[in-house]
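Worksheet for the structure shown next.
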Amino acid sequence: MEKGLGFSHFLAQIDGVGISVLVLLLSLSVASWYLIITKSITNLIAKRRAEAFLKHFWSFDSLQAVNVEFKNAAPNNAFAELAKLGIDAAADSKIHSSHKLAAAGGTSEFLTRTLRNGIDQEATRVENGLTLIATAGSAAPYIGLFGTVWGIYHALIQIGLSGQGTLDKVAGPVGEALIMTALGLAVAIPAVLAYNTFVRRNRIWLARLEAFAHDLFILITVGDNNDAPVSLLQTPSAAVTEMTDAVVERGQ
């Protein structure tokens, strides 16, 4: 009896609507788990590369040395790409400040737009796939609930046709309803947990990127004002503070 009412019996007696619901839930599950695994690996690699780059970046003597490093090795993380964008934008602004519309408004404005565009592009990249994960987390319970309702409907049909609500008449449809509910929850719970984790990670990641962009902006603009190479051997905050004080003293 238990063998006859197992999962194989569920697959054997399910109708077209139930199969559609089952395929949809399985598709959402496979897609969400694929994104969860790939994004987790990608985020871990990105974090390690970013930490290695930042440690290496603040050990350089000047931004000129950083630029030379970029010529030898292409950026492999968001922080390196942002640094290259900023350095290239500053150099481009000096050359084309009066002949290029994008550089109009001065180096500071052009650099601000470039860094902001770089952060926006990274935000778009890290949010890729989150819509599907969120869809799986929010829609799967309702899809499973639809399957549950359909299974209960079949149970009522069986009772109406037989004239009695015996176990052998309703066990199959009720089992179908319970399996649909369980599948909906099995798809939704991991997707919701993963979505919340990725959103928190992206928020922290972009905040760090904006802080680095601010430090980079100060390093480039203050270095231009001083007309001297900017040393990066100090901690980021100490270097920025010292360069800012130097500009103030020059103004006085």
Side-chain angles (χ1 to χ4, degrees), residues 20-58 70 74-89 111-148 179-220 235-237 240:
S20 300
V21 173
L22 180 62
V23 170
L24 183 55
L25 288 175
L26 290 178
S27 300
L28 286 175
S29 180
V30 171
S32 61
W33 273 110
Y34 171 79
L35 290 172
I36 290 170
I37 294 173
T38 55
K39 287 184 71 67
S40 297
I41 296 174
T42 301
N43 291 344
L44 180 61
I45 295 174
K47 180 181 178 181
R48 291 180 176 177
R49 288 179 176 178
E51 290 176 350
F53 167 76
L54 290 175
K55 183 178 180 181
H56 193 44
F57 177 84
W58 294 112
F70 285 144
N76 62 356
N77 62 89
F79 290 84
E81 292 174 357
L82 194 65
K84 187 176 188 306
L85 281 175
I87 294 173
D88 291 346
L111 182 59
T112 299
R113 293 196 301 271
T114 301
L115 294 177
R116 174 52 59 187
N117 289 337
I119 294 175
D120 290 341
Q121 292 176 7
E122 177 64 11
T124 301
R125 188 191 66 80
V126 298
E127 290 176 1
N128 183 39
L130 289 184
T131 301
L132 180 56
I133 296 178
T135 300
S138 60
Y142 296 102
I143 297 174
L145 182 60
F146 175 77
T148 301
I179 290 175
M180 289 298 184
T181 302
L183 287 177
L185 294 176
V187 174
I189 293 174
V192 171
L193 294 176
Y195 177 79
N196 292 335
T197 300
F198 287 140
V199 168
R200 180 181 181 276
R201 179 265 176 190
N202 292 346
R203 184 172 63 251
I204 296 174
W205 179 260
L206 294 176
R208 290 183 59 192
L209 200 61
E210 289 184 358
F212 177 72
H214 178 266
D215 289 341
L216 190 63
F217 177 83
I218 297 297
L219 290 171
I220 294 175
T235 61
S237 59
V240 171

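These numbers come from a predicted model, not from an experiment. The first residue of the sequence shown is numbered 1, and numbering continues consecutively from there.
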Applying side chain to side chain contact (heavy atoms under 4.5 Å, CB included), name anything that partners T197, two or more places apart in sequence or on another chain.
none

Quick one: list whatever passes side chain to side chain contact (heavy atoms under 4.5 Å, CB included) with A46, sequence neighbours left out.
R201, W205

Suppose we screen for salt bridge (charged side-chain N to carboxylate O under 4.0 Å, His left out). Which residues come up paired with E210, at least two apart in sequence or across chains?
R116

Min side-chain heavy-atom separation L28-I143 under 4.5 Å
yes

Drop me the distance from L85's CG to N117's CG, to the nearest 0.5 angstrom.
9.0 Å

CD1/I189 to CG/L193 distance, rounded to the nearest 0.5 angstrom?
7.5 Å

How long is the gap from CD1 on I119 to OG1 on T114, to the nearest 0.5 Å?
11.0 Å

Considering only residues two or more places apart or on different chains, which pairs with a residue in residues 76-87 satisfy side chain to side chain donor-acceptor pair (under 3.5 Å)?
K84-D88

On a heavy-atom basis, which atom in A213 and which in L115 lie closest, and how many Å separate them?
O-CD1, 3.6 Å

Residue pair L216 / G86: nearest heavy atoms and the distance that separates them
CD2-CA, 4.4 Å

If you round to the nearest 0.5 Å, how far is OG of S27 from CG of L22?
9.0 Å

Tell me, please, which residues at least two apart from T112 pass side chain to side chain contact (heavy atoms under 4.5 Å, CB included).
F217

Taking side chain to side chain donor-acceptor pair (under 3.5 Å) as the definition, give me every residue that meets it alongside R49, ordered by chain and number, with sequence neighbours left out.
none

Suppose we screen for salt bridge (charged side-chain N to carboxylate O under 4.0 Å, His left out). Which residues come up paired with R208, at least two apart in sequence or across chains?
none

Those residues at least two apart in sequence (or on a different chain) that pass ring pair (Phe, Tyr, Trp, His ring centres under 6.0 Å) with F212 are F57, F79

Tell me which pairs pass side chain to side chain donor-acceptor pair (under 3.5 Å) where either residue lies in residues 181-192, with sequence neighbours left out.
T148-T181

Any pair counted as salt bridge (charged side-chain N to carboxylate O under 4.0 Å, His left out), so long as it reaches residues 120-138, sequence neighbours left out
E122-R125

Rounded at 0.5 Å granularity, tell me how far CG in L209 sits from CD1 in I204.
13.5 Å

Return all side-chain donor-acceptor pairs below 3.5 angstrom for residues 135-142, not counting sequence neighbours, or 'none' if the list is empty.
from: T135; atom 1: OG1; to: T131; atom 2: O; distance (Å): 2.7
from: S138; atom 1: OG; to: A134; atom 2: O; distance (Å): 2.9
from: S138; atom 1: OG; to: T135; atom 2: O; distance (Å): 3.4

Under 3.5 Å donor-acceptor pairs involving side-chain atoms of residues 35-42, not counting sequence neighbours:
from: T38; atom 1: OG1; to: Y34; atom 2: O; distance (Å): 2.8
from: T38; atom 1: OG1; to: L35; atom 2: O; distance (Å): 3.3
from: K39; atom 1: NZ; to: V126; atom 2: O; distance (Å): 3.0
from: K39; atom 1: NZ; to: N128; atom 2: O; distance (Å): 3.0
from: S40; atom 1: OG; to: I36; atom 2: O; distance (Å): 2.6
from: T42; atom 1: OG1; to: T38; atom 2: O; distance (Å): 2.8

Are the side chains of W58 and D215 in touch, meaning some heavy atoms are under 4.5 Å apart?
yes

